[in-house]
Amino acid sequence: MTRDEAVALLKARLTRTNDSTLDAKIVTEMQFVQANVLEMGEIVPWFLITDHQTLATVAGDEKVAVPAGFLQEVETDALWILEDDGTYSPLRKESYDVIASLSDYEDSGQPEVYSLDDAYFRLRPVPDAIFTLRLRAFMRDTVLTTDIENNWLKWAPDLLIAETGAIIAGNYLRDSEMFTAFANEASRARDRLMRNDLARSNANQRLLMQFS
C-alpha cells in the first residue's frame, strides 16, 4: 500500500473522502506517528532490521558514531571487528563504566569490548589504527515524504493508519467516538504485530526444557 492509498483509505474511514484539506495533515501526522510512536515504541519489528553495515574506527579515538537512523542493536547479533585474516570476530558488550575501568584495556590496540553510549559506540582498548567494524541493527524506515510504500505500509499498514486516524479524529475532528474506534483498532494491530514478531523470532528455534 502506498502513502497516498493509505491517506485515501483513512479519509474514507473518517467519512471525509471529499475533504482535500485533510491530505497534508494526514501525511504530516503519519510521518510523526512513524518516527515517534511506532519506531520509538515498545516493539521494534523485524522489518526494520538492515543488512550488515560497515563502520570505521579512528586511531586514538574511542568513539565510533552510530549510523544515521540507528534505533538499536539486533539482540542475536553484535558489533564485529575485521581480523587480519579477513574474518570477523564479535566484540563483547559492557556498560561504559565497566570498560573504562578495566585495567586490561588501559593501553591502545585492537578493540575487544564496547559500550553503546548516547550516539556512539565506545571501544576498549582505544583503537591504535583504523579498524573495520560490522553492524546489523534496527534502523528507521524511509520517511513518507513521497508517494511510496515503505516497510510500515507493507507489513503493518493497519497500525500506521489506525494510530494516525486516532490523532486526526481526536485532535482535528474532535470526534470522540471515532477516536475510540481508531484507538481500539490500533491496539488490535499492535497486538497482531507483536505476536507476528514473536512468532518469527521463535520459528525453527530448538526450545529446551530444563528439569530439576
Side chain to side chain, Leu133 and Leu91, heavy atoms closer than 4.5 Å:
yes
Residue pair Leu153 / Asn150, side-chain heavy-atom distance below 4.5 Å
yes
Non-hydrogen side-chain atoms of Trp152 and Ile161 separated by less than 4.5 Å
no
Side-chain heavy-atom pair Val66, Phe121 within 4.5 angstrom cut-off:
yes
Asn18 atom CG: more than 12 heavy-atom contacts under 6.0 Å:
no
Can you name the closest pair of heavy atoms from Pro125 and Gly109 and give their distance?
CB-N, 3.7 Å
Is the backbone N or O of Leu55 less than 3.5 Å from a side-chain atom of Thr132, with the two atoms forming a donor-acceptor pair by type?
no
Looking only at atom types and distance, does a side-chain atom of Gln72 sit under 3.5 Å from a main-chain N or O of Phe138, one as donor and one as acceptor?
no
Measuring only between side-chain heavy atoms, which start at C-beta, is Lys63 closer than 4.5 Å to Val58?
no
Decide, yes or no, whether a salt bridge links Glu73 with Lys93 under the criterion of side-chain N to carboxylate O below 4.0 Å.
yes
Salt bridge present between Glu62 and Arg122 (N-O < 4.0 angstrom)
yes
What closest approach, in Å, do Leu159 and Ala186 show between heavy atoms, and which atom pair accounts for it?
CD1-O, 3.6 Å
Exam field: side chain Asp197 to backbone Leu193, donor-acceptor pair closer than 3.5 Å:
no
If we only count heavy atoms from C-beta on, is the Glu163 to Glu185 side-chain gap below 4.5 Å?
no
Do Leu144 and Val27 have side-chain heavy atoms sitting under 4.5 Å apart?
no
Answer yes or no: does atom CG of Asp107 have more than 12 heavy-atom neighbours from other residues, nucleotides or ligands under 6.0 Å?
no
Arg200 to Trp155 six-membered ring, cation-pi geometry met (6.0 Å, 45°):
yes
Roughly how far apart are Glu39 CD and Leu71 CG, rounded to 0.5 Å?
5.5 Å
Would you find a donor on one side and an acceptor on the other, under 3.5 Å apart, between the side chain of Ser108 and the backbone of Pro127?
no
Short N-O contact, Glu42 and Arg190, less than 4.0 angstrom
yes
Could you tell me whether the side chain of Asp61 reaches within less than 4.5 Å of the side chain of Thr57, counting heavy atoms only?
no
Let me check something: any side-chain donor-acceptor pairs from residues 45-52 under 3.5 Å, sequence neighbours excluded? List them with distances.
from: Thr50; atom 1: OG1; to: Gln53; atom 2: NE2; distance (Å): 3.4
from: Thr50; atom 1: OG1; to: Ala137; atom 2: O; distance (Å): 3.3
from: His52; atom 1: NE2; to: Asp77; atom 2: OD2; distance (Å): 3.2

Glu5 (side chain) donor-acceptor with Thr2 (main chain) under 3.5 angstrom:
yes
Checking the side chain of Arg136 only, and the main-chain atoms of Val74 only, is there a donor and an acceptor separated by less than 3.5 Å?
no
Pairing of Asp19 and Lys11 as salt bridge, 4.0 angstrom limit
no
Distance (rounded to the nearest 0.5 Å) between Arg188 CZ and Asn184 CG
6.0 Å
Has the side chain of Asp141 got a donor or acceptor atom that lies under 3.5 Å from a matching backbone atom of Asn151?
yes
Any donor-acceptor N/O pair, Asp175 side chain to Glu177 backbone, under 3.5 Å:
yes
